[in-house]
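Just below is one structure, and these are the notes that go with it.
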Amino acid sequence: MLRGLTLVSMEIHVLDHPLVEHKLTVLRDKNTSSATFRELVSELVMLETYEATRNIDVVDCPIETPICPMVGKKLSDHPRPIIVPVLRAGLGMLDGMTRMLPTAEVGFLGMKRDEEHPTQQITYANRLPDDLTGRQCFLIDPMLATGGTLVAATHYLAERGAKDVTAVCILAAPEGIEFVEKNIDPSIDFKVVVCAVDEALNEKAYIVPGLGDAGDRLYGVID
Ligand code: URA
């Protein structure tokens, strides 16, 4: 499994930390219950959020400590960052992300593969502001597998004016990273944060060794 990756045109951060490896191992284990799986996803997302928000906008905030006045920093409210879970599995990452970014707005995007044109995505749900100009956008989706959904979701945000998009995923496949790198509009300031990059996709486009179907495991379809 890859622990770090440097690509020339796309910024990708792979968390490389023993705590993350420990949590990922429990997450991947097929015997882990849905309740524990959900808790671990939240914890991993909180750790990823540190990396994902390294350049988040802050403003000066004058306060008084018990000792003296000082000027601290607060997350900027104008405009607020926006978190966009990709339905359904992205919802499982929302709690961890909003705990770290409590002032963020939350939008929703439902995308699925177009069975007649398997390389294309159909947007079946959208609850987003029409204008995302100047907004720092955080797309959350646990599995960067083929990369098709991530590219489509990023371009969907870009059509609404977003120029700054960070994708936060739990696992990625090298094929998906390559697809995103080749297909993402280079005018978008785009980066990806993942806990690990696995070996490959299998013939059903599942990540190997992966963790199985993230949505099913989050919502108890397999327990
Ligand atoms: N989606 C999943 O839930 N798991 C994979 O391995 C790939 C895509």
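Ligands are counted one by one from 1 in listed order, and the atoms in each one are counted from 1 as well. Bear in mind that the values here come from a model prediction, so they are computed numbers and not experimental data.
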(request) For atom 6 (O) of ligand 1, find the nearest protein heavy atom and state the residue, atom name and distance (0.1 Å precision). (result) I207 N, 2.7 Å
(request) Pull out every atom of ligand 1 sitting under 4.0 Å from any heavy atom of A214, numbered as shown with elements. (result) 2 (C), 3 (O)
(request) Answer with yes or no whether A205 contacts ligand 1, where contact means a heavy atom under 4.0 Å from a ligand atom. (result) yes
(request) With heavy atoms of M143 as the reference, note each atom of ligand 1 found under 4.0 Å away. (result) 1 (N), 2 (C), 3 (O), 4 (N), 5 (C), 6 (O), 8 (C)
(message) Which heavy atom of R217 sits nearest to which heavy atom of R28, and what is that distance?
(response) NH1-O, 3.3 Å
(message) So which atom in V45 and which in G96 form the shortest heavy-atom distance, rounded to 0.1 Å?
(response) CG1-C, 4.0 Å
(message) If I compare all heavy atoms of H155 with all of D185, which pair ends up nearest, and what's the gap?
(response) NE2-N, 2.9 Å
(request) For A173 and ligand 1, answer yes if some heavy atom of the residue is under 4.0 Å from a ligand atom, otherwise no. (result) no
(request) Do me a favour and list the nearest non-hydrogen protein atom to atom 5 (C) of ligand 1 with residue, atom name and distance? (result) Y206 CD2, 3.5 Å
(request) Indicate yes or no: at least one non-hydrogen side-chain atom of L150 is less than 4.5 angstrom from one of D141. (result) no
(message) Does M111 form a side-chain contact (heavy atoms from CB on, under 4.5 Å) with I122? I'd like the steps, not just the answer.
(response) CA-CA 6 Å; M111 288 197 151; I122 297 174; over 6 Å; no
(message) Quick test of your reading of the structure: of A172, G212, G215, A89, whose heavy atom lies closest to atom 4 (N) of ligand 1?
(response) G212
(message) Once rounded to the nearest 0.5 Å, what's the spacing between atom CD1 of I82 and atom CG of L128?
(response) 5.5 Å
(message) Check this for me - ligand 1, A145, N or O atoms closer than 3.5 angstrom, yes or no?
(response) no
